[in-house]
Colleague: 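Shown below is the structure under consideration.
Counting begins at 1 with the first residue of the sequence. Because the structure is predicted, anything quoted here is derived from the model rather than measured.
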Amino acid sequence: GTLSLSLDGDSFDFDFGAGPPPPALAPEPITVLAGGSVTIDSTQAVDLADISAPALTVISGAGVSQQLNTTLQVTGLTEVTAGGAGDVTLGRPGNAFGTVAVDAAGDLVRIGDDAGNLVLGDVIGDSVTVGAAGGIDQLAGATLTATTTLDVSAGGGVDLSNTQNTIGAATVVAPGEAVSLTDGASGLELAGVTAGSLAVVAAGDVMQTATLNVTGGVDVTARTTSGPAANVTLIDANNVYGSIGAQAFGPGTARGTVTI
């Protein structure tokens, strides 16, 4: 069965408690239609069905998932925390989010917004996949941590340029749109980018493992503040771009190598 609740104008807080949740409720999908904020707290995995609310908080001792053929309609902040070895997969067609923040350190994060622009709060995962019908942006001061891979697809511009970001290998598909990526912790690997323009800033080497297809300009800055100077290496024979500029710096007056 499915736990279904309909509320008008009130906040909703459901807590499975510190012990094992009721066996009839814990494994089942949760459907909520609420005029106020919704909070779901469980020591077990949480499976979401249809939820419509101005704000949603989900805390799970394991993963957070979404059933097939369901939608999440959250106009404000969606905040998800998954403990243990828990993936967060909220990418079903028809989802509409305002701002999304996810803490699933070391695990998979998948977020999809079919309605328009998507704003990211703090998002922490091992492999992070984000898709939006419109643009993708970050709140000021928010951190994106995608330790191994970041996979982004957008119908608008992609601005993930906060200096706190840590990105492993980045793949971005945003044809004709401006894309900005910053890794303030280390180097950045470009694993394929399709865009109208591309700006990259990294605290280490910038390299590529797949083709850049950028109709406008590419601007890359790689900089280290200690140790060897950073290098920029973008030499895929199939790269396409309108223009390119690249700088590689090290501590003090040190300069790295640019190969394009």
Colleague: Please lay out, stage by stage, how Asp50 and Gln67 fare under the test side-chain contact (heavy atoms from CB on, under 4.5 Å).
Modeller: CA-CA 8 Å; Asp50 292 306; Gln67 283 210 317; over 6 Å; no

Colleague: Tell me which pairs pass side-chain hydrogen bond (donor to acceptor under 3.5 Å, both in side chains) where either residue lies in residues 212-228, with sequence neighbours left out.
Modeller: none

Colleague: Please go through Leu139's hydrophobic cluster and name the other residues, only I, L, V, M, F, W, Y counting, with side-chain heavy atoms under 4.5 Å joining them.
Modeller: Val119

Colleague: Is the closest side-chain heavy-atom distance between Val80 and Leu90 below 4.5 Å?
Modeller: yes

Colleague: Side chains of residues 244-257: which donor-acceptor pairs under 3.5 Å do they make with residues two or more places apart or in other chains?
Modeller:
{"unit_1": "Arg255", "atom_1": "NH1", "unit_2": "Thr253", "atom_2": "O", "d": "3.2"}

Colleague: For the hydrophobic clusters of this structure (ILVMFWY residues joined by side-chain heavy atoms under 4.5 Å, transitively), does one cluster hold both Val179 and Val240?
Modeller: no

Colleague: Under the side-chain contact (heavy atoms from CB on, under 4.5 Å) rule, collect the residues that match up with Ser186, sequence neighbours excluded.
Modeller: Asp183

Colleague: Side-chain heavy atoms under 4.5 angstrom apart, residues restricted to Ile, Leu, Val, Met, Phe, Trp, Tyr: same cluster for Leu108 and Ile111?
Modeller: no

Colleague: Tell me every residue that passes side chain to side chain donor-acceptor pair (under 3.5 Å) with Glu177, counting only those two or more places apart in sequence or in another chain.
Modeller: none

Colleague: Quick check: do Asp205 and Val232 have side-chain heavy atoms less than 4.5 Å from each other?
Modeller: no

Colleague: Only counting residues at least two apart or in another chain, list the ones meeting side-chain contact (heavy atoms from CB on, under 4.5 Å) with Glu79.
Modeller: Thr57, Leu77, Ala101

Colleague: Please identify each residue that fulfils side-chain contact (heavy atoms from CB on, under 4.5 Å) with Ala133, with sequence neighbours left out.
Modeller: none

Colleague: Do the non-hydrogen side-chain atoms of Leu160 and Leu120 ever get within less than 4.5 Å of each other?
Modeller: yes

Colleague: With a 3.5 Å distance limit and no angle check, can you tell me whether Thr211 reaches the backbone of Gly192 through a side-chain donor-acceptor pair?
Modeller: no

Colleague: Which pairs count as side-chain hydrogen bond (donor to acceptor under 3.5 Å, both in side chains) when at least one residue sits in residues 151-173, sequence neighbours excluded?
Modeller: Gln138-Asn165, Asp159-Ser161

Colleague: Flag the pair Thr129 / Val109 as yes when at least one side-chain heavy-atom distance between them is below 4.5 Å, and no otherwise.
Modeller: no

Colleague: What pairs of residues pass the side-chain hydrogen bond (donor to acceptor under 3.5 Å, both in side chains) test when at least one of them lies in residues 107-127, not counting sequence neighbours?
Modeller: Asp126-Thr148, Ser127-Thr149

Colleague: Applying side-chain hydrogen bond (donor to acceptor under 3.5 Å, both in side chains) as the test, list every pair that has at least one member in residues 90-105; sequence neighbours left out.
Modeller: Gln66-Asn95

Colleague: With sequence neighbours excluded, what pairs up with Asn69 under the side-chain contact (heavy atoms from CB on, under 4.5 Å) test?
Modeller: none

